[in-house]
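All chains are named by letter (A, B, ...) in the order of the sequence lines, taking the proteins before the strands, and each is independently numbered beginning at 1. This one's a predicted model, so the numbers in the text were calculated from it and none came from an experiment.
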Amino acid sequence: MSQSELAPLDPAKGVWDEHELTRRKFLEITFWSVTSVVTVGLLGAGSRFIAGNSFEPSTTSWVTLGPVAELTAGEVHRVNYSFKAKDAWRMVEQKGALYTFSDDAGATYTVLDGTCTHLGCIVQWQGGDNNYQCPCHQAVFTREGKVVSGPPPRPLRKLDAKIQDGILMAQI
Amino acid sequence: MSKVGRWIDERTGLGGPVRSFLNYAVPGYVHKNALYMLGGLTLIIFALQAFTGILLAFFYDPSTEGAYNSVDFITYTLPLGWLIRGIHHYGASAMVILTALHMLRTYFFSAYKKPREINWLTGVLLLFLTLAFGFTGYLLPWDQKGYWATNVGTRIAGSVPLIGDALMQLMRGGANLGQATLTRFFATHVLLLPATLALLIAVHIFQLRYHGMSPAITEKGKKEGGKFVPFFPYWVVNDAIAGLGMLAILIFLSATQRAPLEFPADPASSNFVPRPEWYFLFYYQMLKYFPGGLEPVATVLIPLFIFGSMVLLPFIDKGEERRPWKKPVTTIAAVFYIVVIVVFTALAL
Amino acid sequence: MKLSQMPFLFVAGSIMLAACASGPATSPPNTLTAVKVDAVSTDAAASIWANAPKTTTVTKAAKKGAADGSTVTLQAVYDGTSIAIRAEWADSTDSWQRNVWKYDGAAWKRGGDQDRFSMAFPMSNNAEFASKGCGAICHNQETDDTKWWMGTDNADTKIDLWQWQSAATNPVAYADDAWWGTKPTITSTTGRRSDANTGGGAKANNAADGKGPAFVNKSGLDAHYILAGEEVALDMSKIASGAVIPGSILAPYTGSRGDVAAKGVYADGKWVLVMVRKLNTGNEDDAVFTPSKPVPFGIGLFNNAGDIDHTISPDVLTLAWK
């Protein structure tokens with residue numbers, strides 16, 4: 001209803017409502033409101049969609065690293081593992097490499113993830129220098145994985161390990 | 001206008017706008033300075049990238065099992081595959097170089113000053129989008145180089161305080177590099193980035209035409225300011241010749257040095273030394289100097305500072321002076337960055 | 001645009017060229033670069049080798065604790081249809097007595113081995129082979145030698161194998177062409193299989209009772225090998241104690257198994273070997289070479305030995321093209 005259809009008020013009392021919402025203004029506000037809500041909704045849904053299951057914690061599993069008899073105590077060994085795991089929507093053979101050594105004649109083993117804690121390059125065991133070196137930014141780690149020099153903020157990740165029927169296993 | 005042209009114009013109304021676009025009056029100091037061709041060249045290389053990219057998408061298989069073999073097939077088996085992938089591969093480097101040079105030209109000519117701030121901002125975004133193209137495209141062959149560079153690259157994002165892990169997982173589509181990573185890099189590289197870039201280029205060019213060319217900075221140039229030539233064909237011809245030269249260089253490179261394809265990605269390999277593409281090397285080198293807890297300084301603060309100062313530049317440097325030799329602060333700052341980038345890149349080589 | 005601005009364009013172009021070409025400019029270590037020649041040949045002394053860069057690799061024992069082997073120097077050339085690979089390594093003896101018959105004055109005994117040189121190329125893109133070389137197919141998780149085997153875990157992964165043998169293949173100028181796949185049956189002890197053949201091949205030089213040789217080479221009793229068609233019946237009256245008679249009658253294979261031509265010459269304490277094969281044989285059991293496409297490969301050296309007793313290149317090698 002517009003002002004013109006109302007009987008004029010006494011001039012002393014002013015006009016009916018100078019802030020009255022016109023039909024045009026109402027439509028504009030409605031349009032922008034609905035559009036904004038839908039846009040925000042679409043963007044929100046889109047963002048959630050894109051994030052997918054990115055934040056699902058990676059599942060841990062025990063992998064076989066090899067018979068203890070092969071892993072002579074005292075030496076650092078590079079061991080490969082592989083296991084079937086889900087990668088997004090498909091099952092694939094996940095592969096990787098770890099470092100392991102035993103300081104108590106093979107009773108227990110220390111298993112280290114060779115992923116440099118700086119930027120994720122793979123460190124290489126240098127038997128001659130008795131340390132791990134990262135080829136990317138020349139970081140050096142001790143045999144036990146502690147940072148000696150270079151940019152890494154943390155020691156190498158230590159994995160849970162166990163020996164089952166003479167086979168060394170680690171939880172990745 | 002020809003009969004056919006008139007027929008089309010009557011039905012589309014495009015004649016007027018197209019004519020006014022082509023007849024744009026280019027000032028003499030612009031027409032005679034090759035540095036002004038860099039923008040047009042960047043557009044040409046983008047067109048080439050879009051063209052070769054669309055062609056590559058006809059054969060590319062965005063799966064961790066098939067990606068490598070499809071790129072191998074394109075590179076070594078497909079007729080002219082070496083050429084199309086070669087142009088796309090070397091064109092990526094050319095696009096980064098040209099974007100950077102174009103930006104430097106704009107910077108030293110103070111072309112970002114009022115009223116062209118928005119145009120500078122779209123330019124800054126275009127530069128970062130170009131780098132994002134490089135980063136996402138690197139992974140697609142799923143070879144050792146792309147796999148490990150992406151592993152490192154996403155981990156850099158992971159070093160951002162508080163939100164780092166979330167950011168890294170979002171980029172990877174999970175905790176580790178895998179199929180989800182490849183798919184989202186592919187979608188970003190071939191859909192999201194091109195669409196965004198094309199839109200921004202349209203805004204960028206519209207802004208350019210709306211404000212006209214920025215004023216000449218030399219006395220000689222100012223004298224030329226009164227003379228004009230039509231954009232088409234006088235200026236277009238220059239860019240076209242330069243574009244042809246660039247295409248020739250790209251074809252030459254593709255023919256003599258086939259676009260590289262390393263061996264397929266092996267997550268279990270420990271002897272591969274990751275290296276980013278050459279235009280990220282300076283940054284990669286810089287990360288070495290910020291050990292331990294200082295890492296976020298290199299991964300967050302410095303990039304943010306550079307991006308921030310680029311964004312804020314037109315709002316800080318608001319004076320009338322446009323001659324670089326009269327503005328020591330901006331000139332020295334730019335030279336400093338150039339020297340740092342060159343030195344760090346050289347150190348990393 | 002004025003001519004005076006051409007230098008700018010030149011500089012920009014040069015920057016682009018330099019930047020783009022900065023990739024694989026120098027040939028990295030462990031890379032064997034094949035160079036293009038007019039025509040390949042099995043002649044190790046031919047002029048085609050003059051410009052082929054040499055790559056050396058110190059071979060390490062495949063078996064834990066065993067002695068390391070010779071340093072192998074490799075070269076490669078190719079023409080429009082074939083590739084030739086030249087290998088040179090020190091060896092104090094020419095071991096030709098593989099599985100020969102030896103007479104001790106009363107009875108014949110079999111025994112002996114030979115020198116061998118192997119090359120392995122993946123038949124399709126394989127990440128593991130590319131980063132680990134032959135180690136990727138070496139199954140040696142057991143300390144027990146007899147449980148050791150070579151082969152792949154996946155039917156889609158096949159590795160081409162060329163094995164040159166000083167006694168069994170060299171006299172008839174080929175290298176045995178085989179391949180590794182999965183174990184044919186669960187009880188198999190190897191994933192190795194010979195390429196298909198359409199005929200030829202060596203035959204055992206056995207008497208009817210299997211207790212001695214049947215033939216000698218017509219050239220004489222001291223021949224190191226017997227070629228098919230040159231065998232003559234053994235005359236026991238001429239045999240004295242200590243006689244050594246080759247254990248097989250040699251003939252090259254026809255078909256895929258015989259498509260690696262090879263010529264090894266032993267002199268001055270070293271073997272010089274050239275192997276030639278078509279870039280693409282068209283056979284299903286062979287790797288295909290595409291010039292310009294780098295291929296990972298491994299080598300194995302057997303000094304008078306077979307099976308696990310060999311030395312290998314410790315790093316994966318790459319065959320590149322120029």
Whether Lys158(A) and Glu144(A) form a salt bridge (side-chain N of Lys/Arg under 4.0 Å from carboxylate O of Asp/Glu) is what I want to check.
no

Please state whether the side chain, the backbone, both or neither of Ser269(B) comes within less than 4.5 Å of a heavy atom of chain A.
backbone

Could you tell me how the ring of His189(B) sits relative to the ring of His88(B): parallel (under 30°), tilted (30 to 60°) or perpendicular (over 60°)?
perpendicular

Specify which of Ala187(B), Gly173(B), Gly293(B), Gly178(B) makes the most heavy-atom pairs with chain A at under 4.5 Å.
Gly173(B)

Over 60° means perpendicular and under 30° means parallel, so tell me whether Phe280(B) and Phe135(B) are parallel, tilted or perpendicular.
perpendicular

Go through Gly174(B), Gly158(B), Ala348(B), Ala175(B) and name the one with the most non-hydrogen pairs under 4.5 angstrom from chain A.
Gly174(B)

Please verify the inter-ring angle class for Phe307(B) with Phe128(B); under 30° counts as parallel, over 60° as perpendicular, anything in between as tilted.
perpendicular

Which region of Leu287(B), side chain (C-beta onward) or backbone (N, CA, C, O), has a non-hydrogen atom less than 4.5 Å from a non-hydrogen atom of chain A, or is it both or neither?
both

Side chain / backbone / both / neither for Tyr284(B) at chain A, heavy atoms under 4.5 Å
both

Check the surroundings of atom CH2 in Trp89(A): do more than 12 heavy atoms from other residues, nucleotides or ligands lie under 6.0 Å from it?
yes

Measure distances from Ser149(A) to the heavy atoms of chain B and classify the residue's part below 4.5 Å as side chain, backbone, both or neither.
neither

When the 4.5 angstrom heavy-atom criterion is applied to Cys116(A) and chain B, the contacting part is backbone

Heavy-atom distance under 4.5 Å to chain A: side chain of Gln179(B), backbone, both or neither?
both

Against chain A, label Arg184(B) side chain, backbone, both or neither, depending on which of its atoms sit under 4.5 Å from a heavy atom there.
side chain

If the threshold is 4.0 Å, N to carboxylate O, is there a salt bridge linking Asp129(A) and Arg143(A)?
no

Hey, which of Thr181(B), Val273(B), Asp165(B) has the most heavy atom pairs under 4.5 Å with chain A?
Val273(B)

Is the number of heavy atoms from other residues, nucleotides or ligands within 6.0 Å of OH (Tyr337(B)) greater than 12?
yes

More than 12 heavy atoms of other groups within 6.0 Å of Ile201(B) CD1
yes

In terms of heavy-atom pairs under 4.5 Å with chain B, the winner among Cys134(A), Gly96(A), Ser54(A), Ala88(A) is Ser54(A)

Sort Ile50(A) into side chain, backbone, both or neither according to what part of it lies under 4.5 angstrom from a heavy atom of chain B.
both

When the 4.5 angstrom heavy-atom criterion is applied to Gln138(A) and chain B, the contacting part is side chain

Between Cys121(A) and Cys136(A), is the SG-SG gap less than 2.5 Å?
yes

